[in-house]
**Q** 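Dropping a structure here in C-alpha cells format, bear with me for questions.
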Amino acid sequence: MLDKPESFQTDMSHRDGVFISTYGCQMNVNDTERMYSLLEMVNYEPVNTPDQANLIIINSCSVREKPVHKVHSEVGRYRKMKEANPKLRIGVAGCVAQQEKKRLMEDMPIIDFVIGTDAIDQLPDVVGRVRDQGEKLVSAKFEHGKPYQIETLNRNPGVSTFVNITKGCDNFCTFCVVPFTRGRERSRSYAELVADVNTLTQRGVKEVTLLGQNVNSYKSVEGYDFGALLKGLATETDIQRIRYTTSHPKDFNRELVQIMQDHREKICEYVHLPVQAGNSEVLERMNRGYTREEYIEKAQMILDTMPGATLSTDIIVGFPGETEQQFEDTLSLLDIVPYESIYAFKYSPRPFTKAARWEDQLTEQEKSDRLQRLFDKHNEIAFGMAKKYEGQSLKVLVEGQDPETEKYYGRSTQNKTVYFEGTGDLTGQTVDVLIREAFPQTLRGRLLL
Ligand code: 5AD
Ligand code: SF4
C-alpha cells in the first residue's frame with residue numbers, strides 16, 4: 001500500500017472534487033481508475049462533471065490523430081471555470097503528457113501540472129504540492145531501472161476488471177509512438193499477479209483482462225512466460241474467466257494456443273491479433289517482424305487448435321508508400337482470415353517515429369477512401385459471419401442490467417455482447433443463452449434454465 005505523502009495536508013472535514021477525462025486505450029482507462037483510487041486515499045472525491053471539481057486531470061492519448069490539439073481544446077474549455085474558481089487545479093496525464101512534458105505548460109499556462117505515464121503513483125504528492133504550495137510541476141521521468149511493482153487499485157472492480165501485466169514496449173514499429181510514451185518493456189512478477197488476482201476474486205471479480213502493449217513477451221523475474229502465466233492463473237486462482245490484450249503475431253505460438261485450448265473453461269476463446277497490413281513489403285516497412293504468409297499461417301493455427309475461437313484485428317490504411325495493390329492485399333486478407341471485428345485507422349504521423357519522417361506520405365483523401373473501402377468490405381462479411389451464432393447456446397458472464405430496457409447483458413467467451421431477458425439478480429453469474437438474433441457486434445437471445 002502506498003503511504004500518504006507528507007506534503008499533503010488533508011482537511012478531513014472537506015473533500016475536494018476530482019474529475020478525470022480519459023482518452024485512448026484500456027491502459028489509460030485503467031490508469032484513470034488508479035488515479036481516482038490514489039486520490040481518494042488523500043481525500044479527493046470523484047465527481048461526474050468538471051464544473052463540480054477542484055481538480056481536473058486530462059488523461060491523454062497520442063497514438064493517433066491530433067492528440068495535442070485535443071488537449072488544447074479541452075483545456076480551453078476550462079479557462080472560464082478556472083477564472084471563476086481560484087482553487088481549481090488542472091493537470092495533464094497520459095501519453096501526450098509524456099510526449100510533450102513541460103512544453104504543454106509553456107503553451108498553456110493555465111495547466112498546473114504534467115504527470116507522465118510512469119509517474120502515476122507520485123500523483124498524490126504532486127497534487128498536494130500543487131494545491132497546498134501553489135507549485136507548478138512536471139513529473140515525467142521513466143523509472144527504467146526499477147522493477148514493475150504495482151498492486152491493482154480499483155475502487156469498485158465489479159464483475160470484470162483489468163490487470164496490468166506488462167508496461168512499455170520494445171518493438172518500435174515504425175508508425176508507433178508507444179515505445180516513446182510508455183518506455184521500455186517491464187513485466188510484473190508472477191507471484192504478485194497471482195496475489196493480485198486472488199485479492200480481486202475475493203472482492204467478487206469473476207473475469208480479469210490481462211493488459212499489456214505486447215502481452216506475449218511477458219517474462220517474469222521468476223522465469224514465467226506468458227503461457228505459463230495464463231496456465232498459472234487458470235489453475236492457481238479461483239478466477240472464472242481470463243482474457244488478455246494485446247497480442248503481437250510475431251510472439252504468438254502454438255504452445256500458447258494449446259494452453260488456451262487446454263484451459264478453455266477459464267481462458268476465453270478470443271484472440272485480438274493486430275495484423276496492421278496484409279502486404280509483406282508494407283509489414284517490413286512497419287517493422288512488424290512477420291510476413292503476410294506467416295500471419296495467415298498463425299491465424300489458421302489458432303483456428304485449428306482452438307476450433308471455437310474468434311479473431312479480431314487492428315489495421316492501418318495509408319501507411320507511407322502504400323500502393324493501391326498493397327492496399328488490395330489488406331482487403332483480400334479479409335477473405336482469408338475470418339475476423340469477426342476489425343479496428344481500422346488511417347495512418348497518422350507520430351512524433352519520434354521513423355515513418356513520420358518518410359516522404360511518401362499519402363493524402364488525407366486517399367487514406368479516407370481506403371478506410372471506407374475496408375469498412376465496407378468488412379461489413380459485407382461480418383453480417384454473414386454473425387449468423388452462425390443463431391441457434392447456438394453460449395455461456396454468458398452477466399455484467400449488468402440495462403436500466404432502460406431491463407435486459408441483462410454480458411459477454412460470451414468469444415467476446416460477443418449478448419442481451420437477454422431474465423429475472424432475479426443474475427449479475428456475476430455465468431448463464432446459458434440461446435441466441436435468436438445475431439448482429440456483428442451484439443447478439444440477442446433467450447435465457448436457458
Ligand atoms: N497511425 C494510425 N494508427 C496507429 N496505431 C498505432 N499507431 C498508429 C498511427 N501512427 C493503431 C495500430 C495499433 C492501434 C492501437 O492503433 O493499429 O494496433
Ligand atoms: Fe506500438 Fe508495435 Fe509496440 Fe504495439 S508492438 S505498442 S504497435 S510499437
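Below, each value reflects all heavy atoms present in this structure, side chains not excepted, and no hydrogens, waters or symmetry copies. Remember, it's 1-based here, ligands and their atoms both numbered in the order they're listed.
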**Q** Test of understanding: given a 4.0 Å heavy-atom threshold, classify the contact between F175 and ligand 1 as side chain, backbone, both, or neither.
**A**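 Both parts.
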
**Q** Evaluate the salt bridge (Lys or Arg N to Asp or Glu O under 4.0 Å) criterion for residues E390 and K387: first the C-alpha distance (whole Å), next the side-chain angles of each, then the deciding distance (0.1 Å), finally the verdict.
**A** CA-CA 6 Å; E390 292 181 356; K387 289 290 161 214; 2.9 Å; yes

**Q** Tell me the contacting part of I316 for ligand 1: side chain, backbone, both, or neither, using a 4.0 Å heavy-atom threshold, strictly below.
**A**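 It is the side chain that touches ligand 1; the backbone stays farther off.
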
**Q** Using the rule side chain to side chain donor-acceptor pair (under 3.5 Å), only one of T313, T245, D314, T246 pairs with H272; which is it?
**A**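 Among the candidates, only D314 passes.
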
**Q** Can a non-hydrogen atom of R182 be found less than 4.0 Å from any atom of ligand 2?
**A**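 No.
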
**Q** For ligand 1, note which part of Q276 has a heavy atom under 4.0 Å away: side chain, backbone, both or neither.
**A**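 Answer for Q276: side chain.
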
**Q** Taking the basic N atoms (NZ, or NE/NH1/NH2) and the acidic carboxylate oxygens, is any pair closer than 4.0 Å for D360 and R285?
**A**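 Salt bridge present between D360 and R285.
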
**Q** From C173, does some N, O or S atom reach closer than 2.8 Å to atom 2 (Fe) of ligand 2?
**A**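 A backbone or side-chain N, O or S atom of C173 is under 2.8 Å from atom 2 (Fe) of ligand 2.
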
**Q** Below 4.0 angstrom from a heavy atom of R350, which ligand 1 atoms are there? Numbered from 1 as shown, please.
**A**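 Going through ligand 1 atom by atom, the ones under 4.0 Å from R350 are 10 (N).
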
**Q** Taking 2.8 Å as the cut-off, does C176 contribute an N, O or S atom near atom 3 (Fe) of ligand 2, distance below it?
**A**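 No N, O or S atom of C176 is closer than 2.8 Å to atom 3 (Fe) of ligand 2, so no.
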
**Q** Considering both backbone and side-chain atoms of Y347, is one of its nitrogen or oxygen atoms within less than 3.5 Å of a nitrogen or oxygen in ligand 1?
**A**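 Min N/O separation from ligand 1 is not below 3.5 Å for Y347.
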
**Q** For P274, which part has a heavy atom under 4.0 Å from ligand 2: side chain, backbone, both, or neither?
**A**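 Answer for P274: neither.
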
**Q** So which bit of F175 gets within less than 4.0 Å of ligand 2, heavy atoms only: side chain, backbone, both or neither?
**A**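 Side chain only.
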
**Q** Indicate whether any N or O donor in one side chain lies under 3.5 Å from an N or O acceptor in the other, for Q414 and S412.
**A**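 A donor-acceptor contact under 3.5 Å links the two side chains.
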
**Q** Consider only side-chain N and O atoms of D31 and N59, and report whether a donor and an acceptor are under 3.5 Å apart.
**A**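 Looking only at side-chain atoms, N59 and D31 do not form any donor-acceptor pair under 3.5 Å.
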
**Q** Heavy-atom count check: over 12 atoms from other residues, nucleotides or ligands less than 6.0 Å from K102 NZ?
**A**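 Counting other residues, nucleotides and ligands, NZ of K102 stays at 12 neighbours or fewer.
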
**Q** What's the shortest distance from atom 3 (Fe) of ligand 2 to any protein heavy atom, and which residue and atom give it?
**A**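 In this structure, atom 3 (Fe) of ligand 2 has C169 SG, 2.2 Å as its nearest protein heavy atom.
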
**Q** Hey, do the aromatic rings of F180 and F172 have their centres closer than 6.0 Å?
**A**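 That pair passes the under 6.0 Å test.
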
**Q** Please state which protein non-hydrogen atom is closest to atom 5 (S) of ligand 2 and give its distance, to 0.1 Å?
**A**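 Answer for atom 5 (S) of ligand 2: N171 ND2, 3.3 Å.
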
**Q** Between E364 and K346, does at least one N-O distance fall below 4.0 Å, as a salt bridge requires?
**A**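 A salt bridge is present here (some side-chain N lies under 4.0 Å from a carboxylate O).
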
